[in-house]
Amino acid sequence: MGKYNEYKNLNYAKLGEDVLAFWKENNIFGKSVTTREGNENFVFYEGPPSANGTPGIHHVMARAVKDIFCRYKTLKGFQVNRKGGWDTHGLPVELQVEKELGITKEDIGKKITVEEYNQRCRETVMRFKNQWDDLTEKMGYWVDLNNPYITFENEYIESCWALLKRLYDKGYLYKGYTIQPYSPGAGTGLSSHELNQPGCYRMVKDTTIVAQFEVKKITRNMFLFDNEEENVCFIAWTTTPWTLPSNTALAVGKGIKYVKVKSFNPYTFEPVSVILAKDLVSRYFSDKAKDLALEDYKPGDKLIPFKVAAEFVGSDLAGVEYHQLMPYVQPDKPAFRVVVGDFVTTEDGTGIVHISPTFGADDFRVAAQNDIPALLVTDEFGKTMPLVDKQGRFVKEVTDFAGMYVKNYTGEDETGADYKPTDVKIAIKLKEENKAFRVEKYEHTYPHCWRTDKPVLYYPLDSWFIKTTAVKDRLIELNKTINWKPESTGTGRFGNWLENLVDWNLSRSRYWGTPLPIWRTEDGDEELCIGSIAQLNQEMAKAVEAGVMDAAADIKDLHRPYVDNIILVSKSGKAMYREPDLIDVWFDSGAMPYAQWHYPLENKNTFEQNFPADYIAEGVDQTRGWFFTLHALAVMLEDSVAYKNVIANGLVLDKNGNKMSKRLGNAVDPFEMIGKYGPDAVRWYMIANAPPWDNLKFNADGVVETQRRFFGTLQNTYSFFALYANLDNFTYAEADVPLERRTESDRWIISKLNTLVQEVDSYLADYDPTKAARAIQDFVVDDLSNWYVRLNRKRFWKGEYNEDKMAAYQTLYTCLETIAKLASPIAPFYTEQLFRDLNSVSGRNSVESVHLADFPEVAKGAVDKDLEERMQLAQTVSSLVHSLRKKQMIKVRQPLQRILIPVLSEHTKQQIQAVEDLILSEVNVKEVEYIDDTSGILVKKIKPNFKKLGQVFGPKMKLVAAAVQQMNQEDIAKLEREGGFEILLNDDETAVLTPDDVEISSEDIPGWLVANEGKLTVALDITITEELKQEGIARDLVNRIQNLRKDSNLEVQDKIHIRVQRSAAPEVNAAVENYNAYICAETQALSLEFVDELVDGTLLDIDEYQVYIQIQIESNVTI
RNA sequence: GGGCUUGUAGCUCAGGUGGUUAGAGCGCUACACUGAUAAUGUAGAGGUCCGUGGUUCGAGUCCACGCAGGCCCA
């Protein structure tokens, strides 16, 4: 017959390794998928990690969250395929390679060929794959590592191309421009990474201008004017005067207060009314001039008078039109009006921001949102361009400044007396034209090119976009159907992002990534988007035929430089070259639902069965990354969500709440943690300690505590079960003892267990693993171990193998097995061993692994809320009695006669009576006496029911409460007897209370030692009679003899003989005589006898008594 | 600067729809218990519930404004 495994000093890390070996040998993961074949799919998408760095502890967190729900759904009967994946493109890989080779981006194609460079990236990106695979296995994250999708593979890229072509065909792909940092000296755009190099931002002194923008005198604007003659101007400040010829709008803050100030221009002395932010008036108008009258002003006066004439808020000003400041070039649609911008502040300037869409990112964005055009000219090739060329010079259309460099890019001697920066020349012109309100030097930081040391320009550069704004409403609408955990990420961070959506800039000027599959003629008139390798081959054949390409290339790799060498032919016969950009790597990962199956080029069915995902989970930092690109592509390609449920998990910080970093040395090594504490404790700790979407402060002490408190307790409980079940050969072979024949505590723990199953099921169904883990933990520690097992210990080790004992075994077994299943998604290793240890003996489950089992069903009939309530009463009463004993220093081993419990309702009385035996044995008392009203000795306490009374009396609540507090015993009795009681609120107002309006409890029994908790009160009779004293001594003797047995290393089942030396104290002798049978039964003694003199006896101290005793093992007993 | 988020005991965290004495575990102190024993029970100490205003008879909870930490974006 099989025995339950017993363990000494269980090693959880070793357990993890053993279970892992078992899974591997028996392909349990594979079976957990194949055995669900034909069942409903639960679709999970793996957000691909990048293997060019080593995995950290936060990956354990993220992957545990993913794993838990996949395992849970498997238990619930779903088939859960989980295809792994690797993210392999992108800037971090390139930067790492450049660092290792000691080169910069500029060297690519010069010091190293693009081919060699990309080869290097390909090798680097998978460098730590082995470590990742190792961690995945060791932490128990079940994902298919054998057939992962890899974003650099040709098939994957081809899928991306096919998707891009679909977007292209729908008109969602277009070429436009974005404002990027640009170095005219180097003739190249700069990445934000390059701009963040140390030393790039430095202090410069620039000429700044506050310009006057004259409001048009048209009907809609007349609210700004006092009369037809008034000259009303917006004033706006700029540190880049060279952008003023390109101005097409002004931005105000929606809620910012503005004023119109009547004053005079300081350069021309002309009267002018300027509009600026109210908070900034003092910066432009001297406080000393505030009392001067406008009429007294004479041209040239140092103090210029001013008068605040009107006030507005920003939204009032939106839409107001003004005259173009420097009319060199005209826009192609209406411009020169005020718009609202969220970036406007009153920290500096005038609270009104000058907008030139071609030279500022904010400007560009706010202009696009308000349909404000940019000022552009056409160059000699017919291409449009801004008013400054790529060398940094004004174009010829800006006549007064044509050909001038906007900054000193030619190394002119700035110290020369004749030198005037272009900005200064602009300032002079504006002053002369009565358009400058203030000109001054201003020192500030400004980014410079790290190669030329010259200031960068923010300049429009070509980019390819996906027109996500075209489907903005649909994106928002479908987002509302997604179940976000936490909800706020979906409505807040993600929802706001969608509300403020701009088109997705796809272009990246790099080398290692998915190339943009668009070929274009040099003049840009004709272009072709390629959607497959086959199509590319066809087009190549045409090109060869047309003679634009020498010979068709063999397409082995869709990366650069190979695709760059392909030249296609346009319909009109012109050569087309590939647009040199790569696409944003986020497109790669957002395309994974399709590209992982090489869809749409093949596997249509597989794709359809696996789209959209039921569930995904990643870090909250992916909100605008993966979460967005998945959503955007799904909406544009399939008009569907990409995922129905999503957990956005928080960060894992160090124990002090700081971000972990290798540089600071506070990063926690996941392998070390798992090696030290085993995978389960690490997973359990992370999940139970904080909800996944909160940041987790990772502290190894917490892992230790989890291991000790939860796993230690569970293991203790199992060990206890195994020890006795093995002795009794309990294998769960017998039929279940019906619930009604089980004890109150059996039925209670089974009721609690079923409640737990229901709770855990609903928490997991709601994607809340933390609540599930905590519920399981509380059940195991508090209910199962500290109450059920503690109260029922004796049933396991005492007496015959009868029905009651069997019921106890069955009950405990059921609890353990159910816990194994419930906890298996979170702690897959330990629960596997627990399950197999139990099942290998009982054979109750036909499956070989807990992960192949079914989620426990709730036995609704077994849930008994009344029973749960009365067991709670038993626990409270016991706790109160313990506390009373403690106060009187009466040890639990000393029996006491009775406790008194005041009961104010029959229901409470019945509830307590049902658990009376439990209470009595737990607190070692003989009887419970219930006292009710009729006894006449209860002192009652009355308390207002604030919730109820508050609703009725509202503001008079304080008076009512005071009146209630003042009620005496007679008043309370009257209220109870008559069902109503009149109270006086004030001199002429009364109110009638009903018993529902108050809470009445009994808190005192005069003359008794009482304790209470909530509405429950317990009194203890502390009289110790001679008989009780003897029994106490007997119990002490039992205790000492048990200790002796243990000290003598006797086995639990060994029988003994006891000899006691007759004591000088008669009560000890009496106890031995009167409780002889009891002592024998408790200590497994066959005999207990007195002797006058014991030679080799052990001296026992029992309170004030000393007893010599000897135990001897019975050698003839056979088990 | 904007959006989102967190702030409760020394530490980690609970505290539906407002209800008067704010809880748990760990840690600390003391005592007890002992066939689960590297466990367990009881008790104690420990809180301006981040701050300031407001709404309300009543605010940890609702509102406003701040402060501090975190993430993302400028």
Side-chain angles (χ1 to χ4, degrees), chain A residues 9 192 253 342-345 347 361-362 365 486 488-497 499-500 619-625 648 650-651 653 655-659 685 688-691 693-699 701-702 704-706 708-710 712-713 715-724 770-771 774 777-778 781-782 785-786 789-790 793-794 796-798 878-887 889-893 922-924 943-951 953-961 1038-1043 1045-1046 1050-1054 1082-1084:
Chain A
N9 298 325
S192 58
D342 56 14
F343 50 85
V344 180
T345 69
E347 297 223 326
D362 274 337
R365 187 166 50 84
S488 59
T489 298
T491 54
R493 188 183 285 215
F494 195 66
N496 290 341
W497 163 247
E499 294 286 348
N500 296 308
V620 67
D621 54 341
Q622 296 290 335
T623 307
R624 293 174 186 195
L651 267 71
L653 308 169
K655 62 181 175 183
N656 299 316
N658 298 313
K659 203 172 169 176
Y685 162 72
N689 196 57
W693 39 87
D694 281 352
N695 288 347
L696 172 72
K697 289 185 201 163
F698 188 92
N699 189 343
D701 294 348
V704 176
E705 190 188 323
T706 297
R708 206 169 51 82
R709 187 166 165 74
F710 175 64
T713 305
Q715 179 58 20
N716 256 336
T717 308
Y718 167 77
S719 301
F720 175 82
F721 168 82
L723 174 66
Y724 294 110
T770 303
K771 283 191 172 153
R774 287 176 179 171
Q777 191 170 291
D778 290 347
V781 174
D782 296 336
S785 172
N786 285 348
V789 173
R790 195 156 57 81
R793 283 202 299 255
K794 280 186 185 164
F796 290 89
W797 57 262
K798 228 173 123 178
S878 301
S879 156
L880 289 172
V881 175
H882 279 306
S883 118
L884 287 170
R885 277 180 172 274
K886 158 79 187 159
K887 270 185 198 148
M889 302 287 280
I890 301 170
K891 57 189 173 186
V892 178
R893 235 181 276 128
E922 174 67 10
V923 299
N924 197 15
K943 194 176 137 190
N945 181 342
F946 283 95
K947 195 165 186 170
K948 185 157 185 302
L949 287 173
Q951 283 159 11
F953 292 101
K956 293 176 197 145
M957 191 58 214
K958 277 193 173 136
L959 294 169
V960 178
V1038 168
N1039 165 243
R1040 303 303 192 276
I1041 292 164
Q1042 298 286 34
N1043 287 345
R1045 286 183 59 116
K1046 253 202 292 187
L1050 295 194
E1051 292 299 321
V1052 171
Q1053 66 273 27
D1054 287 339
E1082 292 290 316
T1083 60
Q1084 313 234 46

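In this text, all values refer to a predicted model and were calculated from it rather than measured experimentally. First the proteins, then the strands, lettered A, B, ... as listed; each starts at 1.
Closest to the A:V789 side chain, of the nucleotides B:C26, B:A36, B:C71, is B:A36. Of all nucleotides listed (B:A36, B:U42, B:U17), B:U17 comes nearest to the side chain of A:K947.
Counting all heavy atoms, side chain and backbone alike, A:T770 lies closest to A:P691 at OG1-CA, 3.1 Å. A pairwise comparison of heavy atoms in A:R774 and A:A688 identifies NE-O, 2.9 Å as the closest pair. Closest of all the heavy-atom pairs between A:R493 and A:V620 is NH1-O, 3.7 Å. Between A:T489 and A:A648, the shortest heavy-atom contact is CG2-CB, 4.0 Å.
With both ends at atom P, the span from B:G23 to B:G47 equals 14 Å, rounded to whole Å. Going from the C1' atom of B:U21 to that of B:G2 covers 43 Å, rounded to whole Å. B:A59 sits 15 Å from B:A64 when the C1' atoms are compared, rounded to a whole Å. Separating the P atom of B:A74 from that of B:U8 is a span of 32 Å, rounded to the nearest Å. The separation of B:U12 from B:U48, taken at their C1' atoms, amounts to 22 Å, rounded to a whole angstrom. When the P atom is used for both B:G27 and B:C11, the distance is 16 Å, rounded to whole Å. Rounded to a whole angstrom, the distance from the P atom of B:G66 to that of B:A30 is 50 Å. If you take atom C1' in B:C57 and the same atom in B:A24, they sit 32 Å apart, rounded to whole Å.
Across every strand in view, B:G1 sits in a pair with B:C73 that passes the Watson-Crick or G-U test at under 3.5 angstrom. Pair assignment for B:A43 gives B:U29, based on Watson-Crick or G-U wobble hydrogen-bonding distances that are each under 3.5 Å. Base pairing analysis places B:U12 opposite B:A24; the two distances defining the Watson-Crick or G-U wobble pair are each below 3.5 Å. Within the shown strands, B:U52 is the pairing partner of B:A64 under the Watson-Crick or G-U definition, both distances less than 3.5 Å.
Expressed to the nearest 0.5 Å, how far OG1 of A:T491 lies from CD of A:E499 amounts to 11.0 Å. To the nearest 0.5 Å, atoms CZ (A:R709) and OG (A:S785) are separated by 9.5 Å. Here CG of A:N1039 is found 11.5 Å from OG1 of A:T1083. Values are rounded to the nearest 0.5 Å. Note that the CZ atom of A:R365 and the CG atom of A:N500 stand 7.5 Å from one another [nearest 0.5 Å]. A distance of 9.5 Å separates CD in A:E705 from CG in A:N699, rounded to the nearest 0.5 Å. One finds the OG1 atom of A:T623 at 11.5 Å from the CG atom of A:N496 (value rounded to the nearest 0.5 Å).
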Let me have a per-nucleotide readout for nucleotides 4-13 of chain B, 5' to 3', with B, S or -, counting only protein heavy atoms under 4.0 Å.
-> BS------SS

Its contact letters, B for base, S for sugar-phosphate only and - for none at protein heavy atoms under 4.0 Å, make nucleotides 60-67 of chain B read --------

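Computed from coordinates, the A:N716 CG to B:A38 P distance equals 9 Å when rounded to whole Å. Taking atom CD on A:Q715 and atom P on B:U37, their separation rounds to 11 Å, with Å as the unit. Taking atom CD on A:E499 and atom C1' on B:C72, their separation rounds to 17 Å, with Å as the unit. B:C26 atom P lies 7 Å from atom CZ of A:R708, rounded to whole Å. Rounded to an integer number of Å, the gap from CG of A:N786 to P of B:U37 is 14 Å. A:K794 has its NZ atom 10 Å from the P atom of B:A36, to the nearest Å. Protein atom CG of A:D782 is 16 Å distant from nucleotide atom C1' of B:A36, rounded to whole Å. A:Q777 places its CD atom 12 Å from the C1' atom of B:C26, with the value rounded to the nearest Å.
Two residues, A:R709 and A:F720, neighbour RNA chain B, and the one matched to the more 5' nucleotide by heavy-atom proximity is A:R709. Ranked by how close their nearest RNA chain B nucleotide is to the 5' end, A:A361 and A:T713 are led by A:T713.
Residue contacts for A:R790: at a heavy-atom cut-off of 4.0 Å it reaches a base atom on one of the strands shown. Nucleic acid contact for A:D701: none, since no nucleic acid atom lies under 4.0 Å from a heavy atom of the residue. Within 4.0 Å (heavy atoms only), A:G702 reaches no atom of the nucleic acid at all.
In this structure, A:Y724 and A:F720 have perpendicular ring planes: the angle between them is above 60°, well past the 30° mark.
No N or O donor and acceptor, one from the side chain of A:S785 and one from the base of B:A39, sit under 3.5 Å apart.
Between A:F721 and A:F796, the ring centre distance reaches or exceeds 6.0 Å.
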